[in-house]
Amino acid sequence: MAILEVENLSVSFLRYTGMFKQQTIRVIEDLHLSINKGEMMAVVGASGSGKSLLAHAILGILPENAQMSGMIRYCGETLDPVKQAALRGREIAFVPQSVNSLDPLMRVGAQVRMTAKGKDPIAKQREVFQRYRLPENVERMYPFQLSGGMARKVLLATATVSDAQVIVADEPTSGMHADDVKEALQQLKELTNQGCAVLLITHDVEAALETAHRVAVFFAGTIVEIAPSADFSGDGERLRHPYSRALWSALPQNKFMPISGVQPHPNEVREGCLFAEHCPLTTIDCKNKRPEMRELREGMVRCHHAT
Ligand SMILES: Nc1ncnc2c1ncn2[C@@H]1O[C@H](COP(=O)(O)OP(=O)(O)OP(=O)(O)O)[C@@H](O)[C@H]1O
Ligand code: NI
């Protein structure tokens with residue numbers, strides 16, 4: 001059952017280019033995504049493709065100068081800013097990309113306990129710290145005393161104690177040692193076994209494929225493919241979009257092929273498929289007509305040629 005659905009989401013920013021001139025820069029366009037109870041969905045794609053903004057849109061924490069359209073539903077209910085604020089940190093937890101979001105003036109144990117539900121927040125915080133292998137004395141530390149990896153674990157611990165039904169984790173393992181990455185992702189996976197849905201935004205395609213049930217591939221402000229992780233195998237022949245195949249081939253264990261798909265800048269007005277310039281399959285149609293997201297073989301794709 002879908003617990004979180006994003007339909008037709010667009011996000012744009014107004015930029016002043018002169019005294020009275022404004023330009024609209026569309027950074028997310030016509031995005032569709034749906035995640036089920038007990039599912040981990042990874043979101044991968046180039047830097048600047050709009051992954052964090054998708055997370056911020058879901059949580060209702062876009063910057064003030066952002067304009068959003070489209071629909072976000074949680075448990076079938078359409079969200080508005082008031083409902084998002086009520087759910088945030090409770091039903092829908094966020095692990096932000098920046099560790100600076102920890103309160104610099106508060107000991108980290110106390111910060112985590114503030115989010116803990118139930119009767120015994122201290123016990124709960126300690127149990128979760130143990131799970132993430134944070135030494136006991138860490139609870140009395142202030143954020144500036146933590147290493148980058150420890151700060152990440154504290155952010156993950158905060159989301160974990162909240163008993164949220166959906167966790168949106170934006171690069172939760174960046175800066176962690178390889179062993180810690182595996183373990184942290186395993187902890188998130190464990191939460192999915194208890195019915196929680198996890199949206200995992202990450203640069204680490206390999207780790208994503210190992211842990212997530214499905215993968216959403218971002219390019220230039222939209223999702224171009226959603227595929228079961230198992231489709232990333234062999235020569236990528238089961239993948240639906242050429243950009244997903246390029247991402248797969250770029251991995252060290254494959255051909256290490258560089259990705260030629262430099263994203264168009266969001267303020268470039270472009271018709272047709274945004275990947276057309278870099279795509280081996282491009283035809284006239286691709287240059288003129290923007291492909292719609294459509295279902296294909298247990299997944300979704302935005303490409304005229306995918307079969
Ligand atoms: N407040 C803002 N005002 C204007 N443009 C913005 C703002 N925030 C983000 N953008 C633009 O939106 C686009 C998407 O940004 P976003 O942070 O979502 O990318 P990302 O995929 O998360 O990248 P990364 O992988 O580096 O974290 C970028 O082009 C960025 O410059
Ligand atoms: Ni980001």
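Whatever order the structure lists them in is the order used to number ligands and atoms, beginning at 1. Because the structure is a prediction, the values reported are computed rather than measured.
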Looking only at heavy atoms, which two atoms of Thr307 and Arg297 are closest? And how far apart?
O-NH2, 3.1 Å
Quick check for you: to the nearest 0.5 Å, what is the distance between Leu274 atom CG and Cys286 atom SG?
11.5 Å
Out of Val27, Ile201, Leu54, who gets a non-hydrogen atom closest to atom 11 (C) of ligand 1?
Val27
Name the one of Thr115, Thr160, Asp163 that satisfies side chain to side chain donor-acceptor pair (under 3.5 Å) with Lys124?
Asp163
Pro63: numbered ligand 1 atoms lying under 4.0 Å from its heavy atoms
1 (N)
For atom 18 (O) of ligand 1, which of the options Leu53, Thr202, Val11, Val43 provides the nearest non-hydrogen atom?
Leu53
Can you list the steps and then say if Asn254 with Ser249 is a side chain to side chain donor-acceptor pair (under 3.5 Å)?
CA-CA 5 Å; Asn254 297 327; Ser249 310; over 6 Å; no
So does Met150 get a backbone contact from the side chain of Ser147, meaning a donor-acceptor N/O pair under 3.5 Å?
yes
Separation between CZ (Arg152) and CG (Leu146), nearest 0.5 Å, reads 12.0 Å
Proximal candidate to atom 16 (P) of ligand 1 [heavy atom criterion; set Ser12, Gly50, Ser98, Ala55]:
Gly50
May I ask whether His56 places a heavy atom under 4.0 Å from ligand 1?
no
Tell me, with the steps shown, if Glu225 and Ser244 meet side chain to side chain donor-acceptor pair (under 3.5 Å).
CA-CA 7 Å; Glu225 171 163 3; Ser244 316; 2.8 Å; yes
Identify which of Ala220, Gly48, Ala46 has a heavy atom lying nearest to atom 28 (C) of ligand 1.
Gly48
Could any protein non-hydrogen atom be found less than 4.0 Å from atom 30 (C) of ligand 1?
no
dist Leu33:CG -> Ile35:CD1 (nearest 0.5 Å) comes out at 7.0 Å
Please write down residue, atom name and distance for the protein heavy atom closest to atom 25 (O) of ligand 1.
Lys51 NZ, 2.8 Å
Taking N or O atoms only and a 3.5 Å limit, does Asn65 qualify as a polar contact for ligand 1?
no
What atoms of ligand 1 come within less than 4.0 Å of a heavy atom belonging to His203?
25 (O)
Indicate yes or no: does Glu271 engage Lys287 in a salt bridge with an N to O separation below 4.0 Å.
no
Tell me whether the rings of Tyr243 and Phe275 are parallel (<30°), tilted (30 to 60°) or perpendicular (>60°).
perpendicular
Name the residue from Ile223, Asn8, Ile226, Val6 that meets the side-chain contact (heavy atoms from CB on, under 4.5 Å) definition with His32.
Asn8
Check each atom of ligand 1 against the heavy atoms of Ser52 and keep those under 4.0 Å away; list them by number with element.
17 (O), 18 (O), 20 (P), 22 (O), 27 (O)
Closest protein heavy atom (residue, atom, distance) for atom 6 (C) of ligand 1:
Phe13 CE1, 3.4 Å
Output for pair (Ile3 CD1, Cys196 SG), nearest 0.5 Å, gives 7.5 Å
Test of understanding: given a 4.0 Å heavy-atom threshold, classify the contact between Gln97 and ligand 1 as side chain, backbone, both, or neither.
side chain
With a cut-off of 3.5 Å and sequence neighbours excluded, list every side-chain donor-acceptor pair involving residues 54-74.
{"residue": "Arg73", "atom": "NH2", "partner": "Glu7", "partner atom": "OE2", "Å": "2.7"}
{"residue": "Tyr74", "atom": "OH", "partner": "Glu91", "partner atom": "OE1", "Å": "2.7"}

What count do you get for protein N, O or S atoms closer to the Ni ion (ligand 2) than 2.8 Å?
2
Closest heavy-atom approach to atom 24 (P) of ligand 1 among Ser47, Gly45, Ala66 is made by Ser47
